[in-house]
Amino acid sequence: MKIAILGGGISGVALARMLAADAHRVVVLEAGDRPGGLCKSRRYGEFTFDEAGGHILFSKDQKVLDWQLARCGGEAGTVRTVRNTKIRWHDRWVPYPFENGVGHLTKDAIVDCLAGYVESFADRRAGAPCPANFGDWIQWRMGSGFARHFMVPYNEKIWKCDLRQMASDWVAGRVPEAPIEDIVRSAVGLDTEGYTHQSVFWFPREGGFETMVRGAVRDGGFTLHCNTPAQRVERRGSGYAVNGEAFDLVVNTVPLPQIEPAIAEIPDPIRADIRALRPISLINLMIGVKVDEPLPPLSWIYLPFPEQGPTNRVTYFSNYSPQNAPTGHGSFLAEVTHRGELQPDAGWLRDVVKALDRAGILRADQVVLTEWCNNKFAYIDQDLSFRERIGRVRKWFDSSGYLTFGRFGRYEYHNSDQCIARAMQVHAHIQRTAASGRPEPLQLP
Ligand SMILES: Cc1cc2nc3c(=O)[nH]c(=O)nc-3n(C[C@H](O)[C@H](O)[C@H](O)COP(=O)(O)OP(=O)(O)OC[C@H]3O[C@@H](n4cnc5c(N)ncnc54)[C@H](O)[C@@H]3O)c2cc1C
């Protein structure tokens with residue numbers, strides 16, 4: 001078959017590689033000047049940075065992790081790190097997840113967290129139903145102390161909305177939920193480890209996270225057209241046409257709001273649903289520092305409080321690979337989310353750096369480089385009607401003959417490993433339907 005893949009992020013290039021290995025003729029159309037999407041990296045002098053905040057290689061799925069590592073040159077081409085993440089809680093460094101680090105708080109805050117947790121635990125035991133909105137879910141699941149001392153300020157900072165306007169159904173597996181034993185052990189000073197599937201991670205030794213994408217393109221056996229946005233996608237005979245060229249099958253991985261105008265036959269109500277899918281955007285600050293001694297051995301830290309500036313997370317990026325910064329230097333990524341309104345200028349950048357200095361993360365007088373990158377589609381706005389709206393959109397696509405997947409191609413809150421897992425599932429679907437010769441609706445688990 002001749003197959004068009006729209007979008008050359010990791011979803012698009014991973015699927016293209018798999019299909020090309022089956023001897024299909026595969027063409028990837030990418031709007032940008034190079035593939036990679038959110039996985040792109042860039043260089044400034046001898047510094048390498050990721051464009052969309054700190055990315056790490058990890059997966060619960062060994063097959064996917066093996067695929068990722070193979071694209072980066074295996075163990076030799078990557079650096080393995082034992083995760084060391086903390087929360088900057090006022091003047092303390094509290095191990096992450098917060099519930100597992102509760103023993104590191106002040107005594108008053110430990111009592112607040114424990115008392116609130118026990119109360120919420122009792123309510124749940126007595127049958128209090130799981131709330132549909134995220135704000136109430138935090139109180140229901142974690143209690144008032146955890147809510148006040150971390151969960152609410154941190155989540156308001158990242159999502160930039162009243163948390164009661166957000167749905168709670170996306171939380172499973174995303175927000176660490178420690179068992180009560182862990183919380184009690186932590187509260188009496190016995191450290192526990194939460195979120196263990198991410199306790200070890202890898203990062204490409206050279207070239208930043210984008211190395212994985214370059215590895216997928218290299219010898220991939222498919223054609224990649226950059227600077228080539230898909231502008232007109234339509235049905236033609238028993239196949240399709242993309243920008244006038246004929247294909248047997250079209251697979252989309254472009255963010256749905258960006259591809260919607262190009263696909264001629266989307267019904268109006270589905271168009272309206274797609275237009276209501278709003279992203280949360282991310283300014284990623286790339287900071288280089290000259291240092292006398294190495295940075296502390298941290299992976300990343302969370303900054304929940306307004307006085308720490310607008311940054312919600314800082315990655316100690318030069319700790320991921322020694323190649324990320326020149327000798328005698330270190331580097332950070334500082335992530336600031338927004339809802340489309342933020343336009344950084346020199347004053348804003350200075351203020352962000354000063355706030356990081358005040359928070360004890362870096363010294364402003366050691367900063368030798370500050371650059372930034374805006375990522376329009378970074379997080380999904382999971383508002384209360386998101387689930388229904390996206391359900392209608394996916395249903396239309398899945399039975400239309402067009403296939404769509406990817407972080408924003410399907411609006412799934414997926415990391416790159418889950419995008420690759422999806423590519424494997426879409427690949428299997430295409431193999432199945434090609435063998436049977438009959439089109440079938442796409443069914444993803
Ligand atoms: C802050 C942050 C941290 C993250 N951390 C991690 C992590 O630690 N580990 C991890 O594995 N994942 C992480 N992720 C997730 C990861 O970045 C994504 O899951 C993955 O990159 C999504 O890939 P994609 O191909 O689905 O989409 P994208 O990367 O968005 O690719 C879509 C592509 O479509 C192109 N495009 C747009 N319009 C058109 C058009 N009209 N025609 C053709 N092409 C078009 C775009 O240029 C882009 O290249 C993180 C994401 C964020 C935002």
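Indexing begins at 1, ligand by ligand and atom by atom, following the structure's order. Atom set for the values below is all heavy atoms of this structure, side chains included, hydrogens, waters and symmetry mates excluded.
Polar contact with ligand 1: present for Ile10 (N/O pair, distance under 3.5 Å). In terms of polar-atom proximity, Ala52 is not counted as a contact of ligand 1, lacking any N or O under 3.5 Å from an N or O of the ligand. Between Gly53 and ligand 1, no pair of N/O atoms sits closer than 3.5 Å. Remark: ligand 1 and His55 share an N or O pair separated by less than 3.5 Å (distance only, no angle test). Inclusion of Tyr379 in the set of residues having an N or O under 3.5 Å from an N or O of ligand 1 is not warranted.
Looking at Lys2 and Glu245, a side-chain N of the basic residue comes within less than 4.0 Å of a carboxylate O on the acidic one, giving a salt bridge. Ion pairing of Asp136 with Arg164 is absent here, as no side-chain N (NZ or NE/NH1/NH2) approaches a carboxylate O to less than 4.0 Å. A salt bridge between Glu210 and Arg34 is present, with a side-chain N of the basic residue lying under 4.0 Å from a carboxylate O of the acidic one.
Atom 21 (O) of ligand 1 has Cys39 SG, 3.2 Å as its closest protein atom, hydrogens excluded (heavy atom only). Taking atom 11 (O) of ligand 1 as the reference point, the nearest protein heavy-atom neighbour is Ser416 OG, 2.5 Å. If you check which protein heavy atom lies closest to atom 53 (C) of ligand 1, you get Ala378 O, 3.5 Å. Among all non-hydrogen protein atoms, the one lying nearest atom 38 (N) of ligand 1 is Val254 CG1, 3.3 Å. The protein heavy-atom contact nearest to atom 34 (O) of ligand 1 is Gly7 CA, 3.5 Å. Scanning all protein heavy atoms for the shortest distance to atom 44 (N) of ligand 1 gives Ala31 N, 3.2 Å. Here the heavy atom of the protein found nearest to atom 13 (C) of ligand 1 is Asn415 OD1, 3.0 Å. The protein atom (non-hydrogen) at minimum distance from atom 5 (N) of ligand 1 is Gly54 O, 3.4 Å.
Residue contact check: Glu335 has heavy atoms under 4.0 Å from atoms 1 (C) of ligand 1. Those atoms of ligand 1 with a heavy atom of Gln258 less than 4.0 angstrom away are 37 (C), 38 (N). Atoms of ligand 1 found under 4.0 Å from any heavy atom of Gly37 (numbered from 1 in listed order, with element): 29 (O), 48 (C), 49 (O). Shown in contact with Gly406 at under 4.0 Å from a heavy atom are these atoms of ligand 1, numbered in order with element: 26 (O). Within ligand 1, the atoms closer than 4.0 Å to a non-hydrogen atom of His414 are 15 (C), 18 (C), 19 (O), numbered from 1 in the order shown.
Of all the listed residues (Arg407, Glu412, Lys40, Arg410), Arg407 holds the heavy atom that lies closest to atom 52 (C) of ligand 1. Checking Arg313, Glu30, Arg34 against atom 48 (C) of ligand 1, the nearest heavy atom belongs to Glu30. For atom 42 (N) of ligand 1, the candidate residues are Ala423, Ser11, Ala230, Cys419; the nearest heavy-atom contact is made by Ala230.
Heavy atoms of Leu29 found under 4.0 angstrom from ligand 1 belong exclusively to the backbone. Proximity of Leu282 to ligand 1, defined as any heavy-atom pair under 4.0 Å, is confined to the side chain (atoms from C-beta onward).
Judged by the shortest distance from any of its heavy atoms, Ala262 lies outside the 4.0 Å radius around the atoms of ligand 1. For Ile56, the closest heavy-atom approach to ligand 1 falls below 4.0 Å.
The aromatic ring centres of Tyr240 and Phe247 sit 6.0 Å or more apart.
Checking side-chain atoms of Thr211 against main-chain N and O of Glu206 turns up a donor-acceptor pair under 3.5 Å. Put simply, the side chain of Ser318 never gets that close to the backbone of Gly330: no donor and acceptor are under 3.5 Å apart. Side-chain N or O atoms of Asn284 include one that pairs as donor or acceptor with a backbone N or O of Asp50 at under 3.5 Å. Of the possible polar contacts, one joining the Ser321 side chain to the Arg205 backbone as a donor-acceptor pair under 3.5 Å is found.
Using modelled atom types and a 3.5 Å distance limit, the side chains of Thr337 and Lys160 yield a donor-acceptor pair.
Around the CD atom of Glu388, the shell of radius 6.0 Å holds no more than 12 heavy atoms that belong to other residues, nucleotides or ligands.
The aromatic rings of Phe386 and Tyr411 sit tilted, their planes meeting at an angle between 30° and 60°. Between Phe317 and Phe49, the ring planes lie parallel to each other; the angle is under 30°, not in the 30° to 60° tilted range. Between Phe209 and His55, the ring planes lie tilted relative to each other; the angle falls in the 30° to 60° range.
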> Does the pair Glu307 and Arg358 meet the rule for a salt bridge (Lys or Arg N to Asp or Glu O under 4.0 Å), with working shown?
Replying inline: CA-CA 9 Å; Glu307 60 272 20; Arg358 272 200 311 277; over 6 Å; no
Please table the atom pairs, donor to acceptor, closer than 3.5 Å between any side-chain atom in residues 23-30 and protein atoms at least two apart or in another chain.
unit_1: His24; atom_1: ND1; unit_2: Met1; atom_2: N; d: 3.1
unit_1: Glu30; atom_1: OE1; unit_2: Gly8; atom_2: N; d: 2.7
unit_1: Glu30; atom_1: OE2; unit_2: Gly32; atom_2: N; d: 2.6

